[in-house]
Amino acid sequence: MYIKELPAYEGKEVTLRGWVANRRDSKGLVFINLRDGSGVCQCIAEAGKISENDFEQAGKLSLESAIELTGTVVKDERQIGGYEVHVSKLTVIQLAEEFPIAKKEHGIEFLMDNRHLWLRSQRQWAILRIRNTIIYSIHQFFQKEGFVQMDAPVFTGNACEGTTNLFETDFYGSPAYLSQSGQLYGEAMAMAFGKIYTFGPTFRAEKSKTRRHLSEFWMIEPEMAFYDIHQNMDLIEDFLHYVIRQVLDNCQNELKLIERDTSVLESSLKKFPRLTYDEAVAIIKGEKDVNGQNSIRSLEKELAEVEAKITELEAEIAEREARLAEPGMKKGEINFNQNKIATMKNELKDYEESRRNIPQWIESAKNFQYGNDLGGSDETVITRLFDVPVMVYDWPHEVKAFYLKRNPDNPRFARGVDVLAPEGYGEIVGGGERETNEQMLREKIIEHQLPMQDFEWYLDLRRYGSVPHAGFGLGLERLVTWLCKLKHVRESIPFPRMYGRLLP
RNA sequence: UCCUCAAUAGCUCAGCUGGUUAGAGCGAGUGACUGUUAAUCACUAGGUCCCUGGUUCGAGCCCAGGUUGGGGAGCCA
């Protein structure tokens, strides 16, 4: 019997098992917010309607104690789930020690140190359930489209894209690396099965300390024989539409809990604009407008709005602090004001960060060097102008991976495609059409200074029935982070592994 | 690797230009209260001011080096 099933049991007696999420008491009443993994429900123990011993136990329950209780389900509009339970019997399974995570706000370091306990909080519960829905819908989509799920190895002997930092391990005395992409194996499997997708962990030893990097993350990499770059983009769009639709349809409750404004998710069900690199650069530099909006001018406008907001917040904080300094304020009111000030100070920090960042974005946009890869700020500059993911394709071949095919009409460009998520979330997908010409690949492997002998098996694919093919890689955590509008990827995975974080 | 900000009670923070005995809220403990939603009210306990060295009559505050963490660049999904 789980809390989410309560509506079907109105007026009936049920037995629930779970943990104490919160407890309040007054003389003859104890209110217990019970959490059982499926949801939360208020349970009431009333003196006289329960044995004296059970009532005394109820009053002593500490946060996160494990209990079993029996009671009657009563409809009550005031409650979160719409129902509460009037307890007739209560058994303590374990009385918890003082729980480190209080009902107040905490700093991120403390929360990360207590990740194993933090997972129990409502917000984390909602985010990771959305993650689950995303994973499930990814499998549903590819399976219904006739893809075969295949797994690429985690230990690899070759660095598939070279250069980037790999985690090195010892494989029976030889160096081996933890996979940073299953892509090359995906191509081999696509030549055997037609359409495949891999879904597994990926490792990057980048000493990145940013809100969108993890050292261990999960990647979905479809690879399709007989697809060109345009079919690839069609698939990416259908795929993301499907996942977003599933999250909107199945996670209303969770989205509400994390206070996700879903308007951009709704608008992302539209067609995704497809820009060539050249068009994207023109937009970034402010040489081309989008829907009447100019990148540089809209940034300047936002900067002015941020400045105004900062002034406004500073004034309100000062005013509340002055009021607090005067005597005679009630304790509850002091508490309320202090919390309000703390919240506003956090908001202020965000705005101050924007105030520092925006001028840099403007500078970097104005001075963008044609031919370079897009940096984080360039991605933000471009995606701000859309309420839907944007696809950028046909990149200068020098900045992209060795295995991408050249545009036959203009070999300066490689047929790679990046999908940039709206709301400042940046790159969530990278992919493209693969080079089919063995000689071109050999030249590229030499150019990238990769060990040729490690790639002979890959070049075999071009010798035995080479066909046009394409694919892409989606970073699961980045998708979760965007769909939930999180500030940092570390909340999108149960136990994040990142620079400086290996425990818990 | 580089830039930048921070570290004070179990937690979140305040602590003015360097000045006597370092504060608040939450949490914990005790008590009051029959409908609370982070309940409320009263009282109690709780400190190696990150570490090492320096300046000074005097350092939580200034200086140097280090450690750990936040944000960002590069690189990427």
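Basis for what follows: all heavy atoms, side chains included, without hydrogens, waters or symmetry-related copies. Lettering follows sequence order; numbering is per chain, from 1.
A donor atom on one side chain and an acceptor atom on the other are found under 3.5 Å apart for A:H469 and A:E187. Neither side chain, A:T198 nor A:Q149, offers a donor N or O lying under 3.5 Å from an acceptor on the other. Looking at A:T156 and A:S179, their side chains never bring a donor and an acceptor atom within 3.5 Å of each other. For the residue pair A:H139 and A:Y197, a side-chain donor N or O sits within less than 3.5 Å of a side-chain acceptor on the partner.
Taking atom CG of residue A:D113 and atom P of nucleotide B:G10, one finds them 15 Å apart after rounding to whole Å. What separates CZ of A:R212 from C1' of B:G74 is a distance of 10 Å, to the nearest Å. Whole-Å rounding puts the A:F110 CZ to B:C50 C1' distance at 17 Å. Spacing between atom CG of A:L483 and atom P of B:A77 amounts to 19 Å, rounded to whole angstrom units. Note: CD (A:E109) to P (B:G10) measures 15 Å, nearest angstrom. The nearest whole Å value for the distance from the CZ atom in A:F167 to the C1' atom in B:C76 is 13 Å. Put simply, CD1 on A:I108 is 14 Å from C1' on B:U12, counting in whole angstrom units. Taking atom CG on A:L503 and atom P on B:G69, their separation rounds to 12 Å, with Å as the unit.
Taking atom P on both B:A24 and B:A42, the two are 14 Å apart, rounded to the nearest angstrom. Of the C1' atoms belonging to B:G25 and B:C41, the separation is 15 Å, rounded to the nearest Å. To the nearest whole angstrom, the two C1' atoms, one in B:C63 and one in B:U20, are 25 Å apart. Comparing the same atom, P, in B:G72 and in B:G29 gives a spacing of 39 Å after rounding to whole Å. Distance noted for atom P between B:A7 and B:U17: 15 Å (whole Å). Nucleotides B:U67 and B:C26, compared at atom C1', are 29 Å apart to the nearest Å. Taking atom P on both nucleotides, B:U4 is separated from B:A64 by 13 Å, rounded to a whole Å. On the P atoms, B:A28 is 15 Å away from B:C11, given to the nearest whole Å.
B:A32 is paired with B:U40 under the criterion used here, namely a Watson-Crick or G-U wobble arrangement in which both key atom distances are under 3.5 Å. Nucleotide B:G25 forms a Watson-Crick or G-U wobble pair with B:C11, both donor-acceptor distances falling under 3.5 Å. Base pairing of B:C2: its partner is B:G72, meeting the Watson-Crick or G-U wobble criterion (both donor-acceptor distances under 3.5 Å). Nucleotide B:G53 forms a Watson-Crick or G-U wobble pair with B:C63, both donor-acceptor distances falling under 3.5 Å.
Relative ring orientation between A:F472 and A:F142 is described as tilted, the plane-to-plane angle lying within the 30° to 60° band.
Counted within 6.0 Å of CZ on A:F495, heavy atoms from surrounding residues, nucleotides or ligands total more than 12; the atom is thus considered enclosed.
When heavy atoms are screened at a 4.0 angstrom cut-off, A:G500 is found touching the sugar-phosphate backbone but no base atom. Using a 4.0 Å heavy-atom criterion, one finds that A:L479 contacts no nucleic acid atom at all. Residue contacts shown for A:V429 are limited to sugar-phosphate atoms, with no base heavy atom under 4.0 Å away.
Ranked by how close their nearest RNA chain B nucleotide is to the 5' end, A:F217 and A:Y499 are led by A:Y499. Between A:G475 and A:R501, the residue whose closest nucleotide on RNA chain B is further toward the 5' end is A:R501.
Side-chain N/O atoms of A:H106 include none lying less than 4.0 angstrom from OP1 or OP2 on B:G27. A:K209 has no side-chain polar atom (N or O) that falls below the 4.0 Å cut-off from OP1 or OP2 of B:G71.
With salt bridges taken as basic N to acidic carboxylate O contacts below 4.0 Å, none links A:K195 and A:E223. Look at A:R123 and A:E491 and you find a salt bridge, because one of the NZ, NE, NH1 or NH2 atoms lies within 4.0 Å of a carboxylate O, short of that distance.
Each of B:A73, B:U12, B:C75 was ranked by its minimum atom distance to the side chain of A:T210; first place goes to B:A73. With B:G27, B:U12, B:G72 as the candidates, the nucleotide lying closest to the side chain of A:E98 is B:G27.
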Tell me, with the steps shown, if A:D54 and A:K89 meet salt bridge (Lys or Arg N to Asp or Glu O under 4.0 Å). CA-CA 7 Å; A:D54 283 7; A:K89 188 174 184 317; 5.3 Å; no
Annotated protein contacts, base or backbone, on nucleotides 30-35 of chain B with a non-hydrogen cut-off under 4.0 Å, one of B, S, - each: ---BBB
